[in-house]
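All remarks here apply to the structure that follows.
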Amino acid sequence: MPEVTIRYFAAARSAAGRSTATAEATSIGDLVTTVSADRPELARVLSICTFLLNGERADPTTALSAGAQVDALPPFAGG
């Protein structure tokens with residue numbers, strides 16, 4: 001399985017308790033499952049996130065390759 005880096009922003013960072021993590025995963029969905037195992041608050045936040053893979057929008061089925069960078073972006077309020 002490829003090792004990838006996930007960067008957490010805003011509420012995702014708060015729920016994760018850190019700004020980055022590495023994990024082995026084959027897809028965005030697999031990565032979310034892996035990093036949020038036994039962490040219900042992180043799982044909840046990640047369920048509403050938008051994901052970027054190396055700067056491009058990705059969905060749960062998007063495949064990952066070794067060294068990929070995934071950004072987890074929760075909804076932001078603004079105006």
Side-chain angles (χ1 to χ4, degrees):
M1 249 192 258
E3 183 173 272
V4 301
T5 299
I6 183 168
R7 297 191 310 172
Y8 303 110
F9 293 87
R13 179 184 297 170
S14 179
R18 56 183 161 173
S19 59
T20 64
T22 57
E24 292 184 352
T26 58
S27 68
I28 297 286
D30 185 33
L31 178 62
V32 168
T33 299
T34 299
V35 299
S36 64
D38 300 322
R39 302 181 76 188
E41 181 59 17
L42 181 57
R44 184 191 69 74
V45 172
L46 292 178
S47 75
I48 60 172
C49 282
T50 297
F51 295 94
L52 300 179
L53 171 60
N54 298 325
E56 299 290 326
R57 190 166 182 148
D59 64 48
T61 64
T62 302
L64 300 174
S65 58
Q69 181 172 288
V70 176
D71 294 333
L73 305 169
F76 291 93

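FYI, side chains are in, hydrogens and waters are out, and symmetry mates aren't considered; it's all heavy atoms of this structure.
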Fill in the blank from the handout: Between L53 and A68 the two heavy atoms that sit nearest each other are CD1-CB, 3.6 Å
Practice task
Please examine the side chains of L52 and R57, heavy atoms only from C-beta on, and report whether any two atoms are closer than 4.5 Å.
Solution key: yes
Practice task
Kindly give the heavy-atom pair with the smallest separation between L31 and A23, and that separation in Å.
Solution key: CD1-CB, 3.8 Å
Fill in the blank from the handout: Across all chains, not counting sequence neighbours, the salt bridge (charged side-chain N to carboxylate O under 4.0 Å, His left out) partners of R39 are none
Problem - For A12 against P74, the heavy-atom pair lying closest together - result: N-CG, 3.6 Å
Practice task
Would you give the length of the straight line joining atom OG of S65 to atom CD of E3, rounded to the nearest 0.5 angstrom?
Solution key: 12.5 Å
Practice task
Check whether any side-chain heavy atom of V35 lies under 4.5 Å from a side-chain heavy atom of L46, and answer yes or no.
Solution key: yes
Fill in the blank from the handout: Smallest heavy-atom separation, D71 atom then R7 atom, equals OD1-NE, 2.7 Å
Completion exercise
Of all heavy-atom pairs linking P2 and A66, the shortest is CB-N, 3.2 Å
Problem - Closest non-hydrogen atom pair between I6 and A72, with its separation - result: CD1-CB, 4.2 Å
Exercise for the section: Keeping the roles fixed (side chain from N54, backbone from Q69), state whether a donor-acceptor pair exists under 3.5 Å. Expected result: yes
Handout entry: Single-linkage hydrophobic cluster, 4.5 Å side-chain cutoff, Y8 and V45 together
Key = no
Practice task
First locate atom OG1 of T61, then atom CD1 of I28, and finally report the distance between them rounded to the nearest 0.5 Å.
Solution key: 9.0 Å
Exercise for the section: Kindly indicate whether the side chain of M1, heavy atoms from C-beta on, has any atom under 4.5 Å from the side chain of D30. Expected result: yes
Problem - Any P60 side-chain heavy atom under 4.5 Å of V32 side chain - result: no
